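Encoded as structure tokens, the structure appears first; notes follow it.
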Amino acid sequence: MRDLLQFTVTFHAPFRVATGHASAGLDAAVDHHDPLPRDGMKGVMRAAAGSLLGLSQGDVDEVFGSAAQPCPWSWDSVTFAMPPGTGVRHRVAIHPETGTALRDQIQMAEVHLPRAGAAFSISQTGVIGADRLDRHRLILTCAARAVHSLGAQRRRGLGWVTVAGGVAH
């Protein structure tokens, strides 16, 4: 039997997972079709497992995979109850000595607006020993719930979230 862990994401602020490309009049654009890709969620969960939960590298690699071993879990992209919509956020560089705005240093970046909730699931795709399965579920659930921000400029007010769920079905 394959496990399926389901999670919900509540957004408390706009978020941006940039495409890496500029767009018409914008320095940083977002993907309108896949606002929060599966790799993004897996990455922030992996980081949370290592830094916030303090797991050993061996435990992180066992659950999330590594170059030496494939990940026994597969993440779905985050799906939204309704399309999140977009807006523009402006940033300006500040001169370190005078505290004034630097000339020609404004950034216009697209962000997704928090409207409705979202959800994603993680399904078991590899073989996990029966003695390790409960530990995997616990690590994935705790790592997901430890994620409180995602995307770009997390320390500047973007991407604040609450993740709930993780019950195996």
Side-chain angles (χ1 to χ4, degrees), residues 1-21 27-81 84 89 91 107 109-114 116-169:
M1 180 173 144
R2 299 288 183 185
D3 263 14
L4 178 68
L5 301 171
Q6 296 180 322
F7 299 91
T8 60
V9 183
T10 303
F11 292 87
H12 305 293
F15 69 98
R16 177 176 63 246
V17 177
T19 62
H21 304 286
D27 297 304
V30 296
D31 187 337
H32 295 261
H33 302 290
D34 193 9
L36 187 51
R38 73 179 91 205
D39 291 342
M41 185 54 73
K42 180 181 179 184
V44 294
M45 286 177 62
R46 181 186 184 99
S51 63
L52 296 176
L53 302 179
L55 295 176
S56 71
Q57 191 61 50
D59 281 339
V60 171
D61 289 347
E62 178 184 337
V63 174
F64 292 91
S66 69
Q69 68 186 47
C71 179
W73 299 94
S74 177
W75 275 249
D76 290 333
S77 289
V78 175
T79 57
F80 292 81
R89 182 169 170 147
R91 286 187 51 199
Q107 178 194 41
E110 194 171 25
V111 296
H112 286 290
L113 304 173
F120 70 98
S121 60
I122 303 171
S123 55
Q124 181 185 348
T125 55
V127 177
I128 303 169
D131 60 325
R132 301 298 290 169
L133 187 56
D134 283 340
R135 182 165 175 78
H136 276 236
R137 287 186 200 127
L138 181 62
I139 289 171
L140 289 169
T141 298
C142 291
R145 292 181 181 187
V147 171
H148 295 291
S149 60
L150 49 83
Q153 296 180 334
R154 294 187 296 268
R155 291 176 181 82
R156 298 285 185 251
L158 289 183
W160 295 352
V161 298
T162 300
V163 180
V167 178
H169 295 281

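All residue numbers refer to positions in the sequence shown, counting from 1. None of the values given here were measured: they were computed from a predicted structure.
A distance-only check finds a donor-acceptor pair linking the side chain of Gln69 to the backbone of Asp61 [under 3.5 Å]. In this structure a side-chain-to-backbone donor-acceptor pair under 3.5 Å is missing from Arg38 to Ile122.
Note that the CZ atom of Phe11 and the CG atom of Leu150 stand 5.5 Å from one another [nearest 0.5 Å].
Shortest non-hydrogen contact noted between Leu55 and Ile139 is CD1-CG2, 3.6 Å. Here the closest non-hydrogen pair linking Met41 and Val78 is CE-CG2, 4.1 Å. The shortest heavy-atom contact between Ala143 and Leu53 is N-CD1, 3.7 Å. Ser77 and Phe120 make their closest contact through O-CB, 4.1 Å (heavy atoms, listed as atom of the first residue, atom of the second, distance). Ser121 and Leu4 get closest at one heavy-atom pair: CB-CD1, 3.7 Å. Nearest heavy-atom pair across Val44 and Ser149 is CG1-O, 4.4 Å.
Contact check on Arg132 versus Asp59 returns a salt bridge, with a Lys/Arg side-chain nitrogen under 4.0 Å from an Asp/Glu carboxylate oxygen.
A side-chain contact (heavy atoms from CB on, under 4.5 Å) with Ile128 is found for exactly one of Val63, Asp3, Leu133, namely Leu133.
Using a 4.5 Å cut-off on side-chain heavy atoms (C-beta onward), Phe64 and Leu140 make contact. Pro114 places a side-chain heavy atom less than 4.5 Å from the side chain of Pro14.
Below 30°, between 30° and 60°, or above 60°: for Trp73 and His136 the angle between ring planes is between 30° and 60°, a tilted geometry.
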Could you walk me through whether Asp134 and Arg137 satisfy the salt bridge (charged side-chain N to carboxylate O under 4.0 Å, His left out) test, starting with their C-alpha distance in whole Å, then the side-chain angles of each, then the deciding distance to 0.1 Å, before giving a yes or no? CA-CA 5 Å; Asp134 283 340; Arg137 287 186 200 127; 2.4 Å; yes
